[in-house]
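What follows is a set of notes on a single structure, which appears directly below.
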Number of protein chains: 2
Amino acid sequence: MVVKIIKRPFVNPKMMGEMIRQQIRATLYRVKESTKVELAQSTGISFPTISKTLDEMNDSGEVLLTGLGLSSGGRRPRTYKLNPDYMTGLAVCLEKDFSSYLILNYEGDIIGRETLPGVLQAGPELLTEQIGIFLARFPSMRVLTLGVPGAVNNGRVSHMPDYERFKDFNFRTFYEERFSLRVQVENDMNTTVIGYYDSIGSDDSLSLVYLYLGKNGPGAGIIVNGHVVRGGTFFSGEVSYVPLSDTQNFMQMIDAASAIQDSNQSRSKLMEAISRLVAVFTATINPHIIIFCSTELTNLDLVQIRNRGASLVPEENLPKLVVSDWKQDYFHGLHQLTVGSMLAAD
Amino acid sequence: MVVKIIKRPFVNPKMMGEMIRQQIRATLYRVKESTKVELAQSTGISFPTISKTLDEMNDSGEVLLTGLGLSSGGRRPRTYKLNPDYMTGLAVCLEKDFSSYLILNYEGDIIGRETLPGVLQAGPELLTEQIGIFLARFPSMRVLTLGVPGAVNNGRVSHMPDYERFKDFNFRTFYEERFSLRVQVENDMNTTVIGYYDSIGSDDSLSLVYLYLGKNGPGAGIIVNGHVVRGGTFFSGEVSYVPLSDTQNFMQMIDAASAIQDSNQSRSKLMEAISRLVAVFTATINPHIIIFCSTELTNLDLVQIRNRGASLVPEENLPKLVVSDWKQDYFHGLHQLTVGSMLAAD
DNA sequence: ATAACTTATTAAACTTCTTTAATAAGTACC
DNA sequence: GGTACTTATTAAAGAAGTTTAATAAGTTAT
C-alpha cells in the first residue's frame, strides 16, 4: 500500500533490545570509538539502557573497553569500540577471469585481500573450494557477500546467460546450509550504485543511475528514492535495449559509433547516444545524479553531454553528471553490504 | 543509506501507544467491524493492550460499540467499528474547468460530492472560498487532500506553468495556518498511480507506470518498489520529452501520428510510439505493470503494443499491460490519500 | 431450569525501557 | 594536600507492554 495505512511492521518490547544493540553497533561503526554518554546522545536512547546493553556487549566480547576519554572537568569516561575480532566477513567479486576476495573484520577494516582464478565458467565447486580456504583460515567468518555479473533474485541466480554452470544456482541456500554463514548476493551494477550512494553519504533518499559501457554491453545500476531498483523480472538497467533512434537501440548506437573510422565523428556519435539516454532517464525517473565510469568518459565529455541533453529536455531538470571510479565504487559497495550484514547480526 | 545501517528510525516506549492506535484504526478500516480478540489476532498486539486502548478510543468517541458478535459456543463478544462522525476529510480534484469535492467520513465512506467552478485560473482566493463552504458545513473536517495538475514539493507548487496565480503557492502552510487542517497536496498522475496501486491491493512492493496521453500532453505516474517517484526536480514522468527516434521525442511522435490523414497509418504510428516507450521503461526500471487509460486504448491495442515491444526487448521482460479507468483511479487515489491522512491522525 | 462448559473480560505478575535521584570517581583551585 | 566542584556511574521509582491467572457472562444439554 502506498497509502500510509500500516500493515504490520510493528515493534513490540521484545524486539527493542535487539534494535538497541543495532543502534549501538551502527553508531560505533560510524564513530569508531565512543563513551556511554555519547552513545546515549547520538542514538537518543536513555543512558541506563545504553549502559546495561553495552556492558552485556562487553561481556560477550562484541565491544572492547579501549581506555579513558578526555575529561571535560570531571571524572574521565570509559571509551568503547567494536571488537575487530568478534566476527569476520568475506566479500567476493566474481568475474570471468578472476575472483577477488576481501576479508573484513568487525570494525569494517580490510584485513586481507586476495585474487584467485575465475570460477564462473568452472562452476560452483571451485567457488566452494575457494570459500573453504578462507573459512578455514578465519574461523570467525560469519557473513558472505557475493557480487556477480548477472541477475539474482533473493540469493538465487535468475539470469546469467554466459555462465551455464551457475544457471539457477541458489548461492544463499547452498552456502547457508553448507557453512553457517549469512549469505547475500547482489548484481555487480547494483552493488556499484550502492557503493557510490553510500560514499556520498547523503541521508535523504536520492535517485541515481550508474552507467557502465563495458565490454559485455552497457548496463546501469539504478537507485530510486534510496532503494535499489531490481525490476519485475530483474531486467532493470539493461539499457542496451533502450530504443533511441529510428532503427537503433542504445547498444547498437554505441556499436555503430565505435565502428566509425573518423575518431571525431565516432566520438560525437557516442556522445549523442549517451545524451539521449540521459534525456530518457531525466524524462522518466528524473534522477538527482547520473554517474559515468572515469575510464570511459572525461569531465569534458560531460559538458558536451549536458549541452546536448539540454536540447532534449529543459536544462534545469538534467541530473548532476559525474564521473567516478567503477572498480572503487563496486568494491566499496561490496564492502558496505558485508559490513551491513555483519552489523545486522543476530 | 542503502546499506542497512540504521540511522535513527527508532521506537521508544512513548511512541508505542500511538502506534498501537494506528494499527487498530487501520485494521478497523479494513475489516469495518471487529471484536477485541479479532483485533489482537490480526494486529499481533496482546489482548489486554488492545482492550485498554480500544476502551480509551471508545471513551473519546473514536470508535463505537456496535453490539454483539456471533457466539462460537460461549459468551458473545462486543463488536466495535470506527465512528463515522469522529472526523471528516475533504478530497479535492483541481482541474482547469472544475473542482471536484469529495467529503469522506471517518469510515472512508463518501458522504457528499460536489463539483464547483474551476479555480486554477482564478487563483487561491476562490479555492479558499470553496473550501470555506465545506468547512462551515462540516465542522469536524480535519484533513484536506488536493490533487493538482502540476509539480508539487511538500505541499508547495514547484511547477505549474499554465496557472500563474498558483505559482509557488504553498497549499500546505496556507491552509494549515488558516484552517486547522492537515493538508496534503499531490500531483494528479502520482495520485492516479497511487489509486491504481492501492486498488490492486498487493502487499509486495511493485513498480508501476501509469501512462496518460492527455490533451495537455502525455504524462506518467511512476511507482518504484512501492514508492511514488517524484524525481530530483519533480520532473519525473514527463515522458513527452523521451527521445524515441532520430528527430522526435514521444510527444512529437504522437502529435505527428495524429496529424496523419490515413487513420490506419495514424494509429500504427501511435502504436509504434507507445511500444517504444514501453521498451524504454522495460529496459530501465523494468516495471511489473504499465497502465493505460481505457478511454485511449483498447485491449486489442495492447496486444499490438506487446507484439511490437517484444521486437525491442526480450518478451519475457515486458511488463503486464493493462487498461484502466483514469478518472476512477484518480479519485480512488485521492480517496485513499485522504483516508490515510485521517487515520494517521495525531 | 439448572449444571457443565465456553469464551470474553478483568486483574495480577513480570519484562523492559525511561526518568529521576543518589553515589562514586576524578579535577582544579587555594 | 585538602576542599569544592564536575562528571561518570549506579540505583531506585515510574511507565507501558506482555504473559499468565482469575473472574464474569453467556451457551448448550440434560
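Chain identifiers are assigned alphabetically (A, B, ...) following the order of the sequence lines, protein sequences preceding nucleic acid strands; residue numbering begins at 1 within each chain.
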Point to revise | Rounded distance (Å) that lies between atom C1' of C/dC17 and atom CD of A/Glu56 | key: 13 Å
**Study point:** Listed partners of B/Arg172 passing side chain to side chain donor-acceptor pair (under 3.5 Å), at least two apart
**Key:** B/Asn154
What are the atom names and distances for every N/O pair under 3.5 Å that joins the protein to nucleotides 9-15 of chain D?
from	atom 1	to	atom 2	distance (Å)
D/dT9	OP1	A/Arg78	N	3.4
D/dT9	OP1	A/Arg78	NE	3.4

Revision key, fill the gap. For residues 44-55 of chain B, the salt bridge (charged side-chain N to carboxylate O under 4.0 Å, His left out) pairs (sequence neighbours left out) are B/Lys36-B/Asp55, B/Lys52-B/Glu56
Check your understanding: Angle class for the A/His227/B/His227 ring planes (parallel below 30°, perpendicular above 60°, tilted otherwise)?
Key -> parallel
Point to revise | Euclidean distance, atom CD1 of residue B/Ile50 to atom P of D/dT18 [Å, nearest integer] | key: 8 Å
Practice item. Starting at atom CE of B/Met15, determine the distance to atom P of C/dT18, rounded to an integer number of angstrom. Key: 12 Å
Check your understanding: CG of A/Leu39 versus C1' of C/dT18: gap in Å, rounded?
Key -> 17 Å
**Study point:** Partners passing side chain to side chain donor-acceptor pair (under 3.5 Å) against A/Ser46 (at least two apart in sequence or in another chain)
**Key:** A/Thr49
Review point. Is any side-chain N or O of B/Ser46 closer than 4.0 Å to OP1 or OP2 of D/dT18?
Key: yes
Check your understanding: Roughly how many Å is it from CD in B/Gln23 to C1' in D/dT18, rounded to a whole number?
Key -> 16 Å
Point to revise | Distance, rounded to the nearest Å, where A/Met16 contributes CE and C/dT16 contributes C1' | key: 8 Å
Review point. B/Asn187: what forms a side chain to side chain donor-acceptor pair (under 3.5 Å) with it, not counting sequence neighbours?
Key: none
**Study point:** Value in whole Å for how far the P atom of D/dA16 lies from CZ of B/Arg21
**Key:** 10 Å
Point to revise | Gap between atoms CD1 and P, on A/Ile20 and C/dT16 respectively (whole Å) | key: 11 Å
Exercise for review: Sequence neighbours left out, what passes ring pair (Phe, Tyr, Trp, His ring centres under 6.0 Å) with B/Tyr106? Give chain and number order.
Suggested key: B/Tyr86
